Asker: 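Sharing a structure below in structure tokens format, with a few things to ask.
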Amino acid sequence: MSEQTATLPSTGQWRAVTELGERSVDLVAAHLDRTLLATDFDGTLSPIVEDPMAARMHPAARAALVQLAPRVGQLAVITGRGVDVVRELGRFSEEPAFGQVLVLGQYGQEAWDAASGETTSPPAPLSVRAAKSQVTELLAANAELDFLSGVAVEDKGRAIGVHTRRALDPAAAYDWLREPLAGIATEHELVLEPGRNVIELRSSTTTKGEALHLLAQRSHPAVVVMMGDDLGDLAAFAAVRELTADGVLGLCVVAGSQEQPAVAAQADVLCGGPEGVAAWLAEVSRAVDALPQRER
Ligand SMILES: O=P(O)(O)OC[C@H]1O[C@H](O[C@H]2O[C@H](CO)[C@@H](O)[C@H](O)[C@H]2O)[C@H](O)[C@@H](O)[C@@H]1O
């Protein structure tokens, strides 16, 4: 990690880390109608909370996106969540400004297109059911281990998330669970996806990087922005660099956190949490408003 990314900006602040990052606000504002603005949900738009179902988009991020969404080339949410859940938590259907948003869920396995109202969701393999039973048995069989108390299983249909945030000792629970969960994943040919206080066992090998490439093929953007905070976003940040090599202006905006410090190394723009992401989006929105009418 460079010196630039070693220190996180304070909550609600952001800092340019690269030369492109320095120009990020003006670049996106100037090319807004040819920008693919892609974002992760949890930890990026939505502050991390203990109960996954209590996650909500930060009001300042929502306000900025409502301003930008009707004018941006394509707004897309690429998330580990299922599309139905993220639609509900993000209240995307309620807001007319989000009428063109695309949501790619479960790392690109599911899709919801707000414009057509169409949801694509292939059937979930049965192996996930069997894996869930084994995880439940594993937790029950080790109930005497105090540090595991509070571990919760999230059923996402085609994946399960084993959450340690509310465990008595989150770090100990996470470390202990890694090996048996890896064994269960291998047995059922599932992918092990580590994240912030969560270990997911998922049935697809698709990545957020592949999802971002598909979006770019569809919208032919001049600028691609990916905003994320977690290990699952690294593939999308790598895709931004690949698209940059193909001549697109690619920007990685990282919602920095103490929980996942290594992700900061990918940043062109490093933000102090989702509040910092909201501040960067708000600045882009102000820069768009400041442009002469004919350039918007
Ligand atoms: O790709 P994302 O949109 O970032 O989704 C990744 C996972 O996010 C959720 O878990 C995370 O957020 C929770 C709510 O703030 C938090 O309690 C948990 O510790 C985090 O890992 C979600 O529950 C998972 O299904 C997503 O895959």
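The first residue in the sequence is number 1, and the count goes up from there. When reading the values below, keep in mind they use all heavy atoms of this one structure, side chains included, and skip hydrogens, waters and symmetry mates. As the structure is a prediction and not an experimental result, all values here were calculated from the model. Just follow the structure's listing: the first ligand is 1, and inside any ligand the first atom is 1.
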Asker: Check Leu192 against Ala185 and note the closest heavy-atom contact, atom names and distance.
Answerer: CD1-CB, 4.1 Å

Asker: Which heavy atom of the protein is the closest neighbour of atom 3 (O) of ligand 1, given with residue, atom name and distance?
Answerer: Thr79 OG1, 2.7 Å

Asker: Out of curiosity, is Lys208 lining ligand 1, as in a heavy atom under 4.0 Å away?
Answerer: yes

Asker: For ligand 1, find out whether one of its N or O atoms is nearer than 3.5 Å to an N or O atom of Phe41.
Answerer: yes

Asker: Which of the atoms in ligand 1, numbered in the order shown and given with their element, are less than 4.0 Å from a heavy-atom of Pro52?
Answerer: 14 (C), 23 (O)

Asker: Quick one: does any side-chain atom of Arg158 pair with a main-chain N or O of Pro122 as donor and acceptor, under 3.5 Å?
Answerer: yes

Asker: Between the main-chain N or O of Lys156 and the side-chain N or O of Gln106, is there a donor-acceptor pair closer than 3.5 Å?
Answerer: yes

Asker: Would you say Arg196 has any N or O atom under 3.5 Å from an N or O of ligand 1, going by distance alone?
Answerer: yes

Asker: Indicate the atoms forming the closest heavy-atom contact of Ala64 with Leu281, along with that distance.
Answerer: CB-CB, 3.6 Å

Asker: Go through ligand 1 atom by atom and flag the ones less than 4.0 Å from a non-hydrogen atom of Gly80.
Answerer: 1 (O), 2 (P), 3 (O), 5 (O), 27 (O)

Asker: Does ligand 1 have a heavy atom under 4.0 Å from the side chain of Glu50, from its backbone, from both, or from neither?
Answerer: backbone

Asker: Looking only at protein heavy atoms, which one is nearest to atom 19 (O) of ligand 1, and what is the separation?
Answerer: Arg165 NE, 2.7 Å

Asker: Would you mind finding which of Glu154, Glu200, His163 brings a heavy atom closest to atom 10 (O) of ligand 1?
Answerer: His163

Asker: Nearest protein heavy-atom contact for atom 6 (C) of ligand 1: which residue, which atom, what distance?
Answerer: Asp42 OD2, 4.2 Å

Asker: Would a hydrophobic clustering, with Ile, Leu, Val, Met, Phe, Trp and Tyr connected at side-chain separations under 4.5 Å, put Val263 with Val224?
Answerer: yes

Asker: Give the atom numbers and elements of ligand 1 that come within less than 4.0 Å of a heavy atom of Asp40.
Answerer: 1 (O), 2 (P), 3 (O), 4 (O)

Asker: I'd like to check Pro194 versus Tyr174 (side-chain heavy atoms, cut-off strictly below 4.5 Å). Are they in contact?
Answerer: yes

Asker: Is there a side-chain hydrogen bond (donor to acceptor under 3.5 Å, both in side chains) between Thr206 and Ser204 once you walk through the steps?
Answerer: CA-CA 6 Å; Thr206 57; Ser204 79; 3.1 Å; yes

Asker: State which residues pass salt bridge (charged side-chain N to carboxylate O under 4.0 Å, His left out) with Glu187; sequence neighbours excluded, sorted by chain then number.
Answerer: none

Asker: For atom 16 (C) of ligand 1, state which one of Leu89, Thr44, Val49 supplies the nearest heavy atom.
Answerer: Val49

Asker: At a 4.0 Å threshold, what atoms of ligand 1 neighbour a non-hydrogen atom of Lys156?
Answerer: 24 (C), 25 (O), 26 (C), 27 (O)

Asker: State whether the shortest distance between N or O atoms of Val198 and N or O atoms of ligand 1 falls below 3.5 angstrom.
Answerer: no

Asker: Please step through side-chain hydrogen bond (donor to acceptor under 3.5 Å, both in side chains) for the pair Ser121 and Trp112, ending with a clear verdict.
Answerer: CA-CA 9 Å; Ser121 175; Trp112 174 65; over 6 Å; no

